[in-house]
Amino acid sequence: MSEIGRDVGISPTTAKQWLSVLQASNQIILLEPYYRSLGKRITKSPKLYFTDSELASFLMRFQSPQSLWNSREVGTLWETYVIGQWLRWRDWYSPHVSLWYWQDRLGNEVDLLLEINQRLIAIECKISNRPTSSQLKGIAKLRDFYGEAMIVASYIASITEQPYKLGDGTLVQNGWRVWELVI
């Protein structure tokens, strides 16, 4: 809250109040980190996402689709879009599913985890036509940390036209829409 408040020139208390209003009105989501330990979940920082990636791009003052596609923020907005899609899927079809992100002490990260029946589905968001195995470092570290039995499926949400599998079994899917989960 201190960082957000400093960035926009308000106190951390005011920032917290404003964020709570945005969260209550479903303008933003605070995606919490995944840890087996409940204590660590409480102490680690959530990631903030707008629930509407178009609103986020408007607020970032992009004047055209081309300026967005050529920006360094395109990956962040893609991640925002994909997470928003899965959030809406969860709210409409599977309210029992928990959404998380994961990051270890070394900065290895998985953008989105879906927790279903105490098992995890990992989703990385890559704004690429043809993601490769080299982009699976976060998923590999997650598997190493929690074990293969805990991670029941892994995906890359990309802009690919046709789904395909990578060597470790990760399925690359088109992230413009949610897909049927294979678990």
Side-chain angles (χ1 to χ4, degrees), residues 1-8 12-13 15-53 55-56 72-91 93-127 131 134-158 168 170-171 173 175 178 181 183:
M1 294 304 156
S2 296
E3 272 183 52
I4 291 172
R6 187 177 51 247
D7 288 349
V8 295
T13 304
K16 187 175 184 175
Q17 291 170 340
W18 288 3
L19 285 178
S20 70
V21 170
L22 290 172
Q23 194 173 11
S25 62
N26 290 319
Q27 299 301 308
I28 64 167
I29 178 177
L30 296 177
L31 193 62
E32 299 289 338
Y34 178 83
Y35 292 95
R36 280 189 186 153
S37 163
L38 184 58
K40 283 189 177 183
R41 288 184 195 176
I42 292 169
T43 61
K44 299 295 181 177
S45 297
K47 290 175 74 174
L48 186 150
Y49 291 95
F50 275 86
T51 55
D52 183 337
S53 57
L55 175 60
R72 61 185 169 92
E73 289 88 4
V74 69
T76 301
L77 286 169
W78 175 250
E79 186 176 326
T80 298
Y81 176 82
V82 170
I83 288 170
Q85 292 289 86
W86 284 102
L87 175 66
R88 285 182 286 283
W89 169 85
R90 190 263 327 255
D91 290 350
Y93 300 107
S94 294
H96 64 281
V97 172
S98 298
L99 302 181
W100 312 94
Y101 79 93
W102 178 80
Q103 186 175 31
D104 69 10
R105 281 181 266 136
L106 300 174
N108 298 302
E109 183 177 277
V110 175
D111 297 325
L112 181 62
L113 296 178
L114 306 176
E115 185 179 17
I116 302 172
N117 298 325
Q118 298 181 336
R119 296 277 203 284
L120 300 173
I121 296 169
I123 300 175
E124 270 295 309
C125 305
K126 301 294 180 191
I127 189 80
S134 66
Q135 296 172 307
L136 295 174
K137 182 179 178 188
I139 291 174
K141 294 294 183 180
L142 178 73
R143 281 189 175 128
D144 290 346
F145 194 82
Y146 287 110
E148 289 288 332
M150 184 76 171
I151 316 305
V152 294
S154 59
Y155 297 90
I156 293 181
S158 73
D168 72 340
T170 296
L171 186 59
Q173 288 276 48
V178 296
L181 297 170
I183 48 178

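- For Asn117, the CG atom counts as loosely surrounded, since its 6.0 Å shell holds 12 or fewer non-hydrogen atoms of other residues, nucleotides or ligands.
- Evaluation of the side chain to side chain contact (heavy atoms under 4.5 Å, CB included) rule for Leu171 yields Tyr155, Pro163, Lys165, Gln173 as partners, not counting sequence neighbours.
- Remark: Thr13 engages Ser11, Gln17 in a side chain to side chain contact (heavy atoms under 4.5 Å, CB included) (not counting sequence neighbours).
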* **Verdict with reasoning, Glu79 to Tyr49, per side chain to side chain contact (heavy atoms under 4.5 Å, CB included)** => CA-CA 9 Å; Glu79 186 176 326; Tyr49 291 95; 2.3 Å; yes

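- Taking the side chain to side chain contact (heavy atoms under 4.5 Å, CB included) definition, one finds that Arg6 meets it with Glu3, sequence neighbours left out.
- Note that CD1 of Ile123 and CD1 of Ile139 are 9.0 Å apart. Values are rounded to the nearest 0.5 Å.
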* Apply the test side chain to side chain contact (heavy atoms under 4.5 Å, CB included) to residues Val97 and Trp86: give CA-CA distance (whole Å), side-chain angles for both, the deciding distance (0.1 Å), then the verdict. => CA-CA 10 Å; Val97 172; Trp86 284 102; over 6 Å; no

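- By the neighbour-count criterion of 12 heavy atoms within 6.0 Å, atom CH2 of Trp18 is sparsely surrounded, having that number or fewer from other residues, nucleotides or ligands.
- Side chain of Thr51 to main chain of Asn26: a donor-acceptor pair is present (N/O by atom type, distance under 3.5 Å, no hydrogens or angles).
- The ring of Tyr146 has its center closer than 6.0 angstrom to the ring center of Tyr34.
- With sequence neighbours excluded, the residues forming a side-chain hydrogen bond (donor to acceptor under 3.5 Å, both in side chains) with Asp104 are Asn108, listed by chain and number.
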* Determine, step by step, whether Leu142 and Leu113 satisfy the side chain to side chain contact (heavy atoms under 4.5 Å, CB included) criterion, reporting the C-alpha distance in whole Å, the side-chain angles of both residues, the deciding distance to 0.1 Å, and the verdict. => CA-CA 10 Å; Leu142 178 73; Leu113 296 178; 3.6 Å; yes

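- Residues passing the side-chain hydrogen bond (donor to acceptor under 3.5 Å, both in side chains) test with Arg88, sequence neighbours excluded: Gln85.
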* To do: Run the numbers on Leu112 and Leu31 for side chain to side chain contact (heavy atoms under 4.5 Å, CB included), then give the verdict.
  => CA-CA 9 Å; Leu112 181 62; Leu31 193 62; 4.2 Å; yes

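- Taking the ring pair (Phe, Tyr, Trp, His ring centres under 6.0 Å) definition, one finds that Tyr101 meets it with nothing, sequence neighbours left out.
- For the salt bridge (Lys or Arg N to Asp or Glu O under 4.0 Å) test, residues two or more places apart in sequence or in another chain that qualify with Asp168 are Arg143.
- Here Ser98 pairs with Trp100, Glu115 under the side chain to side chain contact (heavy atoms under 4.5 Å, CB included) rule; sequence neighbours left out.
- Ring orientation note: the planes of Trp78 and Tyr81 are close to parallel, at an angle under 30° on the 30°/60° scale.
- Every residue was checked against the side-chain hydrogen bond (donor to acceptor under 3.5 Å, both in side chains) condition with Lys141, not counting sequence neighbours, and none meets it.
- Contacts of Ser25 classified as side-chain hydrogen bond (donor to acceptor under 3.5 Å, both in side chains), with partners at least two apart in sequence or in another chain: none.
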